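In what follows, chains are A, B, ... by sequence order, proteins preceding strands, each numbered from 1. For clarity, every value in this text was computed on a predicted model and none was experimentally measured.
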Amino acid sequence: MTIAEVVGAASAEAIGLSADACLKCNVCNTVCPVARVTDLFPGPKYVGPQAQRFRLGALLSPGTGEDSVVESPDKTVDYCSGCGVCSTACPAGVKIAEMNNRARGANRSGHVPRLRDWLLGQTDLTGWAGVLTAPIANWSLHNRLFRWLIDRFIGIDRRAPLPAFKAPPFRWRLGKRHRSAQLAGAPPPERAVVYFHGCAANYYEPHVAAAALEVLERNGYEVIVPPQVCCGLPLISNGLYGAARGRARRNLEVLARYARAGYRIVGTSTSCTHTLKSEYREMLDLDDADARAVADATWDICEFLLDLHDGDNLDTAFGTVAATLPYHAPCQLRSHGIGLPALDLFALVPGLEAIDTDHDCCGIAGTYGLKKEKYDIAMAVGEPLFRKIRSMGATEAACDSETCRWQIAAATGARLRHPVEILADAYRAADVAGPKSPARTEPAARSSPTAPAGG
Amino acid sequence: MPRADVAVVGVGLAGLTSAIALAEGGARVHVVATGFATTHWAAGGFDAGVVRGAATPQAAVDRLARKIGHPYRLVAAALPAALEWVRGILAEEGLTIVGGLSDPLRAIPTALGSTRIAAVLPDGMAAALAPWEPGETLVVCGPAGFRDFWPHAIVASLRRPGSWRGQPMPGRVEPVTVDLPGLAGRHNLSGLDIARAFDDPVWRDQALDTMARAVERLAGGDGRVALPAVLGLDDHAAVLEAARRRLPLLPFEVALAPPSVPGLRLYRALRAALLRRRGRLQIGEPVRGAVGEGHRVERLVGPAAAREFVLTVGAVVLATGGIAGGGIVGLDDGSLRETVLGLPVDAPLGDPWLLPDAFDPPGHPLETAGIRTDADLRPVAPRNVREPLAENVRIVGSLLAGQRYLRERCGDGVAIASALVASRSLGAHVAALAGPEHRLLASGSRAR
Ligand SMILES: Cc1cc2nc3c(=O)[nH]c(=O)nc-3n(C[C@H](O)[C@H](O)[C@H](O)COP(=O)(O)OP(=O)(O)OC[C@H]3O[C@@H](n4cnc5c(N)ncnc54)[C@H](O)[C@@H]3O)c2cc1C
Ligand code: SF4
Ligand code: SF4
Ligand code: SF4
């Protein structure tokens, strides 16, 4: 095995071993958004490959899960936001962010989790509690005293962007769509996709899910929404690997069934889709046939739509959307390694001028920026981006990740939208403008139904 | 699956300038790279060539262009235009480049106390280029606690005439260390941290005041002051202007060990220029192979989070930087492999890995390993140079065979000149393919 293969392989073992490829060139330290704004964090080179030698346990008994991971003597790794910018910059292919993530997990395993970190991981639970009590829950989220209390006693910063619950949850609005865990009765995989909505679209942003359904159905696909739980990423990033594995197994059981039958799994949350594609195997060591099948079948929605376009199967009859739209490519999306499909899709919409804001991280990094000791860091990380959006005078901006949208919206006052919402707008604009455009309830806007190009 | 008229592999000087030139010509350009490139290690100037006895970069380039097998044989003619074009692009992004190919090569101080030879430099370093007068003082001034720049060590070496390569040296060389606000006692203080501190106008004023007072005490009459290359990152032009105004002597920056702040400025300016021209950048995963038909590459393939990443392309520019950049790797059996297309590598014969002296004066022979091309920079087999192996591929930068960029210091010149040659020849190619309605992009080739 050459070192290049070691570095390239996506297994837990390779993550640790990739430290050996470090040239000590410092490039990662130049790009880390957290090290840029605080001295509390010395930077990826020190916390990643250099500290890795002190976490050798993970290498000496690889593949046995979290028990083999030795606690990191360098506790500053807790300040790494996990944004992954360092891993993409490293000329030698060192998996720095992934290494840090595992080190954080190791530092927390065996300890009783902080109530706050536990809470932030339970997006299913808080989501349900929130939508069931939406009026009260939303009121308390904006109540100064309540926010002060959770700041003081739980450690979620009172200024942090917490989204409002939207009742009823998206899953209650599915109508006649297939939503069973079983394949029986589902439309065939040539004409249908499985939609993974994740927590955000279910509890907070049902309009994103609605836009996704609209766009997918417009392109001739029926949408299946099988039972699913939180993908587990909030648990992973709060170091709660055991609980995350439980969520992962429940999702894999259902989704693998669909994946094996040839369905593609499409998600609007770029962090959920990244978790399905990669974190189950890389971070949770669930590298079995089910995980592999689900990873191979999972698509970020913009990636999926661009793939349709590549096969000439995307309905490109977009209406005009006259706007200048700042677009933030979230680091979660960059970790997919699929380019910036949203920008390629925006280019198909007449009148739309999307501007790549080209900033590394908005700061929130999932739940990082919500935490009291990290809120200021997160805001400082995102500040150049916020300034750019403010100076463009934009009232709307687009971003594929929900937590980034909330962070940017809170900081700039702009309305933040998922790219698929913009595309749904553009289809609707065509309907208004076009003389004989088909009614939106019709399944497909094209003349010939087409099969997905792969799967 | 994204599509591009041209995919550029590599984000070094060669890749970025190729991409900018092509995007400027109207092509849809998608740049992919494993990671950042040598820009982050480089001094931020433009080395076109250094050859014993050549007084200017142009003279060195002319000499190298006569060497059999040297890439300058193919691209030297484009170098003057390339340099002026790059200068214009960078000026648009607020980065000024000083000096030309016919200006004298001068010895300028380094952070190790030696000198290096240069003629074309970023504005911040330009004041080092004027010949020294005997009445001049050189003050070397650095922040206390900064491990990459030691004024006393630098001065000890620069006081020796032998350090100046036979060129005029200052009459007096003096060190001074200053305490800049908030830096003392900081861990892991890097040049980049100080550069970011300089971006803050308030800190900048305090720091420059402190430096001005310290330099004042040493400067008798005429002279210049050498500072580490940390004068701002985002706001470099303003910091430089303030430094010139506030310091009693004319300041110039001295490049530091990596990460190089001037190199970062260069990278960021080129990146901004590319995005301004609607180029796409994707950094973080290598390209590991390609799919093609006959003599055409049609898709590039690389790893991604789950499935492979596939990029449908009309043409490809390989700017993967050779052995140092990751474009060529050595295998266990001692053979060399080009990492994207598996092109045949032209390497010196024999057993080039093992030499009696690692720092042999002529340089390590492996340095010349690379890809052979025809005059249009299309790859050819080392022993059949007439027939291009792929008609829609161009090779640029340090991946080109036959150069010794460390010894001949020709890497930057080869990079930008080859970028211009490649983009010109591909420009015609892309226009023919794309036509007015971008036939290439509309054609229905299925990726999967
Ligand atoms: C230590 C060192 C010192 C040097 N000093 C000098 C000097 O003093 N003067 C001088 O003129 N030149 C010098 N050079 C040469 C310098 O590299 C060139 O001057 C110049 O910057 C051209 O580089 P490039 O763009 O061709 O490639 P590089 O800057 O090497 O960039 C290569 C790019 O290709 C990417 N890449 C490689 N393989 C793949 C793949 N399979 N898939 C995707 N991406 C890939 C890399 O990630 C990187 O982005 C030096 C080089 C090194 C390494
Ligand atoms: S960028 Fe990669 S090689 Fe360079 S110091 Fe960081 S981890 Fe090491
Ligand atoms: S993952 Fe992000 S925050 Fe963590 S070290 Fe890397 S760049 Fe820094
Ligand atoms: S918050 Fe947004 S931009 Fe930042 S870490 Fe995540 S995905 Fe990245």
Side-chain angles (χ1 to χ4, degrees), chain A residues 2 4 8 10 24-31 35-37 39 42-43 45-46 84-85 87-94 273-274 276-279 281-282 292 294-299 303 306-307 309-312 334-341 343-344 347 355-356 358 384 453-455, chain B residues 1-4 28 30 32-38 40-41 186-190 192-193 196 233-234 257-261 263-264 271-272 275 278 280-286 288 302-312 321 325-326 329-332 339 442-448:
Chain A
T2 67
K24 307 284 176 273
C25 71
N26 263 317
V27 162
C28 52
N29 276 355
T30 69
V31 297
R36 178 171 74 219
V37 301
D39 278 356
K45 178 175 113 176
Y46 302 102
V85 173
S87 293
T88 59
C90 174
V94 180
T273 48
H274 186 255
L276 296 181
K277 277 184 181 182
S278 143
E279 312 273 357
R281 291 174 299 134
E282 276 201 14
R292 190 68 242 178
V294 169
D296 283 346
T298 300
W299 296 71
E303 179 192 17
L306 191 63
D307 190 57
H309 181 51
D310 197 37
D312 288 335
R334 294 182 203 261
S335 305
H336 279 258
I338 55 173
L340 304 178
L343 284 179
D344 292 318
I355 310 273
D356 182 353
D358 196 31
Chain B
M1 239 102 285
R3 292 179 184 198
R28 298 218 329 195
H30 194 117
V32 257
T34 312
F36 286 155
T38 50
H40 287 55
W41 307 342
R186 266 182 71 167
H187 275 292
N188 299 317
L189 187 66
S190 77
L192 189 59
D193 296 323
R196 286 188 175 126
L233 182 64
D234 291 327
S260 152
V261 173
L264 269 165
R271 178 182 176 117
L275 293 181
R278 294 280 181 271
R280 224 26 88 62
L281 258 174
Q282 180 179 348
I283 306 179
E285 297 285 358
R288 285 267 175 75
R307 296 166 304 279
E308 281 180 322
F309 173 79
V310 181
L311 180 66
T312 306
V329 291
L331 304 181
D332 296 348
T339 55
S443 77
S445 81
R446 307 285 135 116
R448 291 163 53 86

As an exercise: rank P42(A), P91(A), A347(A) by heavy-atom pairs under 4.5 Å with chain B and give me the winner. P91(A)
Expected output: side-chain R281(A) to main-chain R292(A) donor-acceptor under 3.5 Å: no
With a 4.5 angstrom heavy-atom cut-off, which part of R36(A) approaches chain B: side chain, backbone, both or neither? both
If you count heavy-atom pairs under 4.5 Å between each of T298(A), V85(A), L276(A), D358(A) and chain B, which one has the most? D358(A)
Determine the minimum heavy-atom distance between A306(B) and A295(A), stating which atoms define it. CB-O, 3.2 Å
Could you give the distance from CD (E303(A)) to CG (D344(A)), rounded to the nearest 0.5 Å? 12.0 Å
Side chain, backbone, both or neither of T30(A) within contact of chain B (heavy atoms, under 4.5 Å): both
Turns out that what part of V31(A) lies under 4.5 Å from chain B's heavy atoms comes down to side chain
Residue, of A297(A), A89(A), S278(A), that accumulates the most heavy atom pairs under 4.5 Å with chain B: A89(A)
Considering only heavy atoms and a distance below 4.5 Å, find which of A305(B), S260(B), G35(B) pairs most often with chain A. A305(B)
T273(A) versus chain B, heavy atoms under 4.5 Å apart: side chain, backbone, both or neither? neither
By a 4.5 Å heavy-atom criterion (distance strictly below it), what part of I283(B) contacts chain A: side chain, backbone, both, or neither? both
Heavy-atom pairs under 4.5 Å with chain B are the metric here; pick the option from D356(A), D39(A), N29(A), L340(A) that has the most. D39(A)
Distance col, row D234(B):CG vs L264(B):CG, nearest 0.5 angstrom, shows 10.5 Å
So, the part of P341(A) with a heavy atom under 4.5 Å from chain B: the answer is neither
Relative to chain B, which segment of L343(A) carries a heavy atom at a distance below 4.5 Å: side chain, backbone, both, or neither? both
Under 3.5 Å donor-acceptor, R28(B) side chain and A4(B) backbone: no
Apply side chain to side chain donor-acceptor pair (under 3.5 Å) to R334(A) and list each qualifying residue two or more places apart in sequence or on a separate chain. none
With a 4.5 angstrom heavy-atom cut-off, which part of C25(A) approaches chain B: side chain, backbone, both or neither? both
Below 4.5 Å, heavy atoms only, C-beta onward: do R280(B) and L311(B) meet side chain to side chain? no
Please step through side chain to side chain contact (heavy atoms under 4.5 Å, CB included) for the pair N26(A) and W41(B), ending with a clear verdict. CA-CA 9 Å; N26(A) 263 317; W41(B) 307 342; over 6 Å; no
Could you measure the distance from the CD atom of E279(A) to the OG atom of S335(A)? Nearest 0.5 Å is fine. 8.0 Å
So which of H40(B), H30(B), R271(B) has the biggest tally of heavy-atom pairs under 4.5 Å with chain A? R271(B)
